[in-house]
There are 2 protein chains.
Amino acid sequence: MSNISDVAKKAGLSVATVSRVINNHPYVSEEKRQAVYEAMAELSYQPSSAARQMRGQSTKIIGVIVPRITNPFFSYLVDEIQQIAFQNAFQIMIFQSNESSEKELSFLELLAKKQIDGIIMCAVEQDQEVIQEFTKYGPIVLCNERFDNDQLPTVSLDQVNGAYLGVNYLLEQGYEKIAYATGGQFEEAGKDRDRNKGFNQAMADAKVPIKSEWLFVNCHTISDGRKIAREISKMSDVPEAIFTGSDEVAAGVIVEAQKLGIKVPLELAVLGFDDQPLAELTTPAITTIRQPIQTLGKETFNLMLSLLQERPYQIDGTKLQMSLVIRESA
Amino acid sequence: MSNISDVAKKAGLSVATVSRVINNHPYVSEEKRQAVYEAMAELSYQPSSAARQMRGQSTKIIGVIVPRITNPFFSYLVDEIQQIAFQNAFQIMIFQSNESSEKELSFLELLAKKQIDGIIMCAVEQDQEVIQEFTKYGPIVLCNERFDNDQLPTVSLDQVNGAYLGVNYLLEQGYEKIAYATGGQFEEAGKDRDRNKGFNQAMADAKVPIKSEWLFVNCHTISDGRKIAREISKMSDVPEAIFTGSDEVAAGVIVEAQKLGIKVPLELAVLGFDDQPLAELTTPAITTIRQPIQTLGKETFNLMLSLLQERPYQIDGTKLQMSLVIRESA
DNA sequence: ATGAAAGCGCTAACAG
DNA sequence: CTGTTAGCGCTTTCAT
């Protein structure tokens, strides 16, 4: 590997001039600039990123924390972020927090070590104060997660509205006995609180009571969905419809319900969330709430970029709307 | 951020000693070692990775190239690799080549820039010589891809056998009019050539002729699968079964076929590949060839690690067997 | 067993 | 416009 002084020697110039050319500084004559380019090409020179980093420059790497990459919602989100990062000459480093706050902390520390320029958090396990503390090392932006008093730069979708949209649709279809599967604990302040709020609000607006037996917590996977279907099948008072937190859960409910002889949507209407590819694969296909993942990813990265460059950025919220996709399951 | 000399000062020792402690060198008295640890803790000192890299040390980052992370096969593979990388204190950097050889090349160059220690290629777009060239900068291991005369360290599954297994099962079920959807071009030397070989072999062994109209090339997605179903429905001579290159394609075929009134598996048996979660979601559920992704990921990373540490590693091929998972679609 | 000091490759004053 | 030079934080001889 050749270094900057090899290039300088070859071009018959000083390292400073070479450095200036690399960094597109003004005040270099066109003639010498060309000479440097030639020398770089001949030596197939690549500036050492380590050395540049040490000089306090950026790493051109953004960390992205997700709970788990195998969840299609996140793999699509990461895909989007990575595409536009690549266009901007950034690499991204994916971290899976696996709902472990220690793991998350170890990723945050990479920012302190200056191994990455910034972090996009699509999952958060720490308290706000802890995260806030790390912002002094570099920008941290929250993506589709938020704290109630958001001090941190955040791009998020209106989950309250998303849930309201879904539950309200169920209500409009005439369903009143509505079950709900949340990814969190159905707590005031915990995970998925915004969706819970939307659910509560829609039910309250329609003056339909919520039945606590029909509340399923901590549901994320296909097999969680299957479990729900089994539980429902054993109930004496069964719900007519269920609003789930993801298409995967919905798919699980549908598949298992049918195995148990429960007709969907006739005996149990199922509403998904996300609009993942698999939503079209089940029979019946899943009616769901579409989250604009592409725009979400794009806006998040743009916000990160503007923070890095210390220029203002206005998020275009109009493109971040949830929408209802009606198929067959509800 | 405090640096090594802050720690040295605090501990009343030299930077050299601190460095020795950090790197677990011998010849440091237990007493001073403790003093250093204390000072590090008090200052919450983190060695700068940039500085270490510049000293020719490793980055503790492995790059992983996949075609696209949204493909569940790869997201599960990456998940597995990342889990065991984390256990070994490595970070992984995911690159999506999107079937573009320029993109792939730009990732390979990160190895030359010493920004990463090694590369795991789960997709390859370059010629072998090009890749070989980069091995002088660090280890490159192929994962589930291979060249015919493999010079490069490789962990791969027996795709010939996998395909043979599937097609043979179809044959055993009495199907003779068998269609085949490959991810490549059905060429002797191109992509998916091993599976093609398995297909050809199984058909030849059973003395069943291959019909070229029933060969579909370049199929990867659900919508590719749908397209196939539509084409089949228009044929005058229709196949009785189809062997696909992935569960996604199979799912697309199934969903669209049923929409068109073709009964699966009665009128068209469908065989998938991978055993992805979605294989259980369609009606009928997909009969498929299971690839041992977890073991594949683990063996690949272990091989990389051994290369990095320049010690030998024997891949345990017995755990890398394909298997047939019989469900309902064939 | 410990410390002083020489770089690793690069950028950014500073001087011309 | 261009060159000289002092570090960035760390590891590693080479002394002691």
Side-chain angles (χ1 to χ4, degrees), chain A residues 1-40 43-61 109-117 137-138, chain B residues 1-40 43-61 109-117 137-138:
Chain A
M1 238 8 222
S2 50
N3 63 23
I4 197 171
S5 61
D6 295 334
V7 176
K9 215 170 292 168
K10 183 129 208 155
L13 293 164
S14 72
V15 292
T17 305
V18 176
S19 174
R20 286 188 186 103
V21 171
I22 294 169
N23 297 286
N24 287 312
H25 277 285
Y27 307 131
V28 181
S29 70
E30 194 49 39
E31 179 192 3
K32 317 223 158 173
R33 186 180 299 274
Q34 283 313 320
V36 170
Y37 280 137
E38 273 168 40
M40 294 204 298
L43 296 167
S44 66
Y45 162 75
Q46 297 273 21
S48 147
S49 51
R52 309 186 76 173
Q53 286 175 226
M54 216 179 58
R55 291 288 327 183
Q57 299 290 104
S58 70
T59 61
K60 290 286 205 174
I61 301 173
E109 275 165 4
L110 294 183
L111 191 59
K113 285 184 201 161
K114 304 243 169 266
Q115 207 162 355
I116 52 184
D117 290 351
Y137 302 117
Chain B
M1 237 7 224
S2 50
N3 63 21
I4 198 172
S5 62
D6 294 333
V7 176
K9 216 169 292 168
K10 183 129 209 156
L13 292 163
S14 73
V15 293
T17 305
V18 176
S19 175
R20 288 190 186 101
V21 172
I22 295 169
N23 297 286
N24 286 313
H25 277 286
Y27 307 128
V28 180
S29 70
E30 195 49 40
E31 178 194 4
K32 316 222 160 175
R33 187 180 297 275
Q34 284 312 320
V36 170
Y37 280 136
E38 273 168 41
M40 291 203 299
L43 296 166
S44 65
Y45 163 75
Q46 297 272 21
S48 146
S49 50
R52 308 187 77 172
Q53 286 175 224
M54 214 176 64
R55 292 289 326 186
Q57 299 289 103
S58 71
T59 61
K60 291 285 206 173
I61 302 173
E109 275 164 4
L110 295 183
L111 190 59
K113 286 184 201 160
K114 304 241 170 269
Q115 207 162 355
I116 52 186
D117 290 353
Y137 302 116

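Numbers restart at 1 for each chain; the letters A, B, ... are given by sequence-line order, proteins then strands. Both backbone and side-chain heavy atoms feed into the values below; hydrogens, waters and symmetry mates do not.
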**Fill in**
Taken to the nearest whole Å, CD1/B:Ile4 to P/C:dA5 is 16 Å
**Asked** Has A:Lys32 got a side-chain N or O lying under 4.0 Å from the OP1 or OP2 atom of D:dT2?
**Response** yes
**Message:** As an exercise, state the distance from CE of A:Met54 to OG of B:Ser48, rounded to the nearest 0.5 Å.
**Reply:** 7.0 Å
**Message:** For B:Ile61 versus A:Gln115, what's the shortest heavy-atom pair and its separation?
**Reply:** CD1-NE2, 3.8 Å
**Prompt:** Quick one: is D:dG9 close enough that its OP1 or OP2 comes under 4.0 Å of any side-chain N or O from B:Ser48?
**Reply:** no
**Selected nucleotide, minimal atom distance to B:Ala16 side chain, candidates D:dT4, C:dG3, D:dT11** = C:dG3
**Complete:** Whole-Å distance, B:Glu30 CD to C:dA1 P, equals 12 Å
**Request:** Using the closest heavy atom to pick a nucleotide of DNA chain D for each, name whichever of B:Ser2 or A:Arg33 lands nearer the 5' end.
**Result:** A:Arg33
**Prompt:** Counting just side-chain N and O atoms, does B:Ser29 come under 4.0 Å of either OP1 or OP2 of C:dT2?
**Reply:** yes
**Item:** Contact check, side chains of B:Arg20 and B:Val36, non-hydrogen atoms, under 4.5 Å
**Value:** no
**Prompt:** Around atom NZ of A:Lys60, are there more than 12 heavy atoms of other residues, nucleotides or ligands at under 6.0 Å?
**Reply:** yes
**Request:** Take the protein atom CD1 of A:Ile22 and the nucleotide atom C1' of C:dG9, then report the distance between them rounded to whole Å.
**Result:** 10 Å
**Request:** Indicate, with a heavy-atom threshold strictly under 4.0 Å, whether B:Pro47 touches base, sugar-phosphate, or nothing.
**Result:** sugar-phosphate
**Item:** 5' precedence on DNA chain C between B:Met54 and B:Val28 (nearest-nucleotide basis)
**Value:** B:Val28
**Prompt:** So, is B:Tyr27 close to the C:dG3 phosphate, meaning a side-chain N or O under 4.0 Å from OP1 or OP2?
**Reply:** no
**Separation of atom CD in A:Gln115 from atom C1' in D:dC8, rounded to whole Å** = 17 Å
**Message:** Under 4.0 Å, counting only non-hydrogen atoms across every strand here, what does B:Ser19 touch: a base, just sugar-phosphate, or nothing?
**Reply:** base
**Request:** State whether B:Arg52 places a side-chain N or O below 4.0 Å from either non-bridging phosphate oxygen (OP1 or OP2) of D:dG9.
**Result:** no
**Request:** Could you check how far CG of A:Leu13 sits from P of D:dT4, rounded to whole Å?
**Result:** 11 Å
**Request:** Counting heavy atoms from C-beta on, name the nucleotide in C:dC10, D:dG3, D:dG9 closest to the side chain of A:Ser14.
**Result:** D:dG3
**Request:** May I ask you to say what B:Arg55 touches in the nucleic acid, namely base, sugar-phosphate or nothing, with a heavy-atom cut-off under 4.0 Å?
**Result:** base
**Asked** OP1, OP2 of D:dT11 versus side-chain N and O of B:Asn23: anything below 4.0 Å?
**Response** yes
**Request:** Could you tell me the separation between the NE2 atom of B:His25 and the P atom of C:dG3, rounded to a whole number of Å?
**Result:** 15 Å
**Prompt:** What is the distance, rounded to the nearest whole Å, between atom NZ of B:Lys113 and atom P of C:dC10?
**Reply:** 12 Å
**Prompt:** How long is the line joining CG of B:Asp6 and P of D:dG9, in whole Å?
**Reply:** 8 Å
**Request:** Calculate, to the nearest 0.5 Å, the distance between atoms CD1 and OG1 belonging to A:Ile116 and A:Thr59 respectively.
**Result:** 7.0 Å
**Closest to the A:Arg20 side chain, choosing from C:dG3, D:dG9, C:dC14** = C:dC14
**Request:** Would you tell me if any nitrogen or oxygen in the side chain of A:Thr17 comes within less than 4.0 Å of OP1 or OP2 on D:dT2?
**Result:** no
**Item:** CD on B:Glu38 to NZ on B:Lys10, rounded to 0.5 Å
**Value:** 10.5 Å
